[in-house]
Colleague: 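The structure that follows is given in the form of structure tokens.
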Amino acid sequence: MKRMLLKSMILKARVTQADIRYVGSITIDEDIVEKANLSEQENVLIVDRTNGNRLQTYIIIGERGSGVVCINGAAAHLVNEGDIVDIMAFSWSTGEAQSLFLKLDENNHFSRYVTTD
Amino acid sequence: MLPPLSPAVVRHLVYPFYRGVRKDKVLSILEELEDNQWLSKEQIEEIQWRKLKRLLNYVSIHIPYYRDFFRKRGIKPDEIENPTDFMKIPFLTRNVIAENSSSLVTGDPLIQGYASSTGGSAGDPLYFYCDLAAGPIRRANTIRQFRYAGIDIGDRQLRLWGGHLDRTRKEGIAGRIKNYFNNIRFLSSFDMSDEAMRKYAYIEHSFKPSLIVAYPSALALLSNFCKRKALKLHKPKVIITSGEMLYPEQREIIEEVFSAPVFNRYGSRQFSNIASECKQHKGLHSASDLCVVESIHKSGRLAKNGEMGELVVTDLSNYYMPFIRYRTGDFAVSTDRVCGCGRGLPLLEKIEGRSFDTIRTPEGKSVGGSFWTRLSRVVPGINRFQIEQKGLNGINFRIVPGPEWKDDFKSVLEEKIRTNCGDNFNVTFLVVDDIPLAPSGKSRFIIPNIEEKLVIKSKIHKANVTAVEPDLNDCLRIDKELMELADIAEYEKVLIVDATNGVRLETFAVKSPGGKGEIVACGAIAKQLSTGDEIGVMAFTWSREKDCNFSNILVDRENKFERYLTELPGQKI
């Protein structure tokens, strides 16, 4: 049986921009996208630890090393600049989950993989 | 077996006679192509653009898929005037071809075609059609590219190849006669047993080819074998490798064993030969008078000078089933450097095979083919190998051993792998008798782990809710034409995001008769959406492909289609 399993979770990212006037979805630093085994267009579930909001959108790749985590468009109604969010992605697979948990530093740069939160 | 013909006899008598019998125009086309290559970059672009305009005009009339596209988009081929305009035409992918195979073929009785397919080294074979009239153009281009390396019609050619098998079987004795009169001998890359390779070395030595054309993996294998066995070989003038990515280590061993320079060539069954190295060996000249090669950066824009991008190719000669903006899945660095050879044909550098042919380490690093080919030569006795990703943290390392192989070498290899891929990387060695080839006869020595991921495939941007119907069943009714443009099917699940009030919800799409720009929130969703709200409508799919075609459309205030969007970070509309 195929299951939807957690593939990657980026923990406690700080939202660097949230603007309704800009084109939507989430822009993430290319380095973090790679480290999290994600890709352009991939669906993610964003949960806002600051205000409790939850939303789904997809990834746009941002400049490598910039630490950008930018949630624009309609989603900016639910997320504000400076909020702390977790970003999850799921895969459709058989077998056991091999989930990656990524810890970031205060500049939204990759710090290390962790086993649990 | 008859003795080979003299190259001069083939070049001046047999070949021109044969072309005369076939009444095709290979030789006159060749003259034209020969002239083109020395023109300036601007002059070549002018030729390319003229041919592209002609093709676009043609497809807007004769190819149903593109006729619909131009009609729905409300644009004319004439309005496509520069490379940025050209990007408005959606990518052609394997999936698009599979789903639209009949509407991609011309209805014009004057154009004849024939069926073809790829060998399937990238997965399932792709079935498609070629324009009969493109055949002579492709042949002429191949000869032009042979001449980059100093090889001409009639020079003896030895081909170590897989794809010919099906064809020679079809042609049977006629094919063999043709090869004889063209001074071509075929060796099969399917059979690379010691016995076969010994025979190949003997044939090479006695046939004395000027040119060897081969898959790099197969020829590197033969080179290693001949070196190990100290077999006598004839020194050809040049070697052309094609069909797979050429790694530096392969080039090295081939050049060492055959004492001849390697010229790399890039092409595919769909397009024939796209680009080829000249004697400068600094990049490959693409045949831009016959095709358009765009290099697309992963963010969706054209790659800049020196950047890596995916090669997206348009064939300017296939009118039967046009390939326009076909995503090859291959990557290269584009450059505007002018080549020292004086040719105006643009250069591609560092062509890298399929991007997904890499192994991922626990640290998130991608380890590509060069590392593994180098590794396989650290110890003796690895005849062939294959690396298969197992989960996120390890690999299966399959080895077909030679006589020098010792099991102790495993620890040497493992240490090297750990140094590069991290201490937590698991390596399982499997010493096997054989590693099966792809159906094309090509080797795949990296098998990545490709999981299914959820990706966006459709989006309607900035649509306006035209009405709410709380009494109907829950769904979003959308103008039929918008659904087609965004590739959303009837009853497909959609995510609606409301830019006016921030609400996000899921339901399914239902077609509304086209043309009026209707977007109606029906049922319970009418409690959360209001007339006049600005919404985005998205649909996702499970995909194994690296990139999934994304139909992302922008509409105006009346919900009329405006254009396809490529989203870039920090963009305002």
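By convention in this document, chain letters (A, B, ...) are assigned in the order of the sequence lines, proteins followed by strands, and residues within each chain are numbered from 1.
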Colleague: Counting only non-hydrogen atoms closer than 4.5 Å, does B:L495 touch chain A with its backbone (N, CA, C, O), its side chain (CB onward), both, or neither?
Modeller: side chain
Colleague: Heavy-atom count around B:R557 CZ within 6.0 Å, excluding the residue itself: above 12?
Modeller: no
Colleague: Which word best sums up how the rings of B:F550 and A:Y58 line up, parallel for under 30°, tilted for 30 to 60°, or perpendicular for over 60°?
Modeller: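 Because their plane-to-plane angle is over 60°, the rings of B:F550 and A:Y58 count as perpendicular.
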Colleague: Using non-hydrogen atoms and a 4.5 Å limit, figure out which bit of A:S93 sits close to chain B: side chain, backbone, both or neither.
Modeller: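 Contact with chain B: none, neither part.
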Colleague: Are there over 12 heavy-atom neighbours, none belonging to A:K2, within less than 6.0 Å of that residue's NZ?
Modeller: yes
Colleague: For the atom pair CD1 (A:I20) and OG1 (B:T500), what is the distance rounded to the nearest 0.5 Å?
Modeller: 9.5 Å
Colleague: Can you tell me which of A:A36, A:S25, A:A74, A:A76 forms the most heavy-atom pairs within a distance under 4.5 Å of chain B?
Modeller: A:A74
Colleague: Can you tell me if A:R64 has over 12 outside heavy atoms packed within less than 6.0 Å of its CZ?
Modeller: yes
Colleague: For a side-chain contact (heavy atoms from CB on, under 4.5 Å) check, start with the C-alpha distance between A:N37 and B:R360, then their side-chain angles and the critical distance, and finish with the verdict.
Modeller: CA-CA 9 Å; A:N37 197 20; B:R360 189 180 195 280; 3.3 Å; yes
Colleague: Taking only residues two or more places apart in sequence or in another chain, which ones pass side chain to side chain contact (heavy atoms under 4.5 Å, CB included) with B:H297?
Modeller: B:S299, B:R301, B:A303, B:E307
Colleague: Counting C-beta onward and ignoring hydrogens, is there a side-chain heavy-atom pair between A:Q56 and B:R504 closer than 4.5 Å?
Modeller: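 Heavy-atom side-chain distance check fails, nothing below 4.5 Å.
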Colleague: Looking at A:Q41 and B:I456, would you say the former's side chain and the latter's main chain have a donor-acceptor pair under 3.5 Å?
Modeller: yes
Colleague: What part of B:E534 gets closer than 4.5 Å to chain A, counting heavy atoms only: side chain, backbone, both or neither?
Modeller: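 It is neither, since no heavy atom gets under 4.5 Å.
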Colleague: What part of A:I59 gets closer than 4.5 Å to chain B, counting heavy atoms only: side chain, backbone, both or neither?
Modeller: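 Answer is neither: A:I59 stays 4.5 Å or more from chain B.
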Colleague: Which value, rounded to the nearest 0.5 Å, describes the distance between A:M4 atom CE and B:E452 atom CD?
Modeller: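 Rounded to the nearest 0.5 Å, the CE-CD separation comes to 11.5 Å.
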Colleague: Among B:I535, B:D498, B:N552, which has the most heavy-atom pairs under 4.5 Å with chain A?
Modeller: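 So the answer, after comparing B:I535, B:D498, B:N552, is B:D498.
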Colleague: Counting distance only, does the side-chain N/O of A:H77 pair as donor-acceptor with the main-chain N or O of B:V503 below 3.5 Å?
Modeller: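 Not at all, since once roles are kept as given, no pair shorter than 3.5 Å links the two residues.
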Colleague: Could you give me the CA-CA distance, side-chain angles and deciding distance for A:S39 and B:K453, then say whether side-chain contact (heavy atoms from CB on, under 4.5 Å) is met?
Modeller: CA-CA 9 Å; A:S39 55; B:K453 59 191 178 186; 2.7 Å; yes
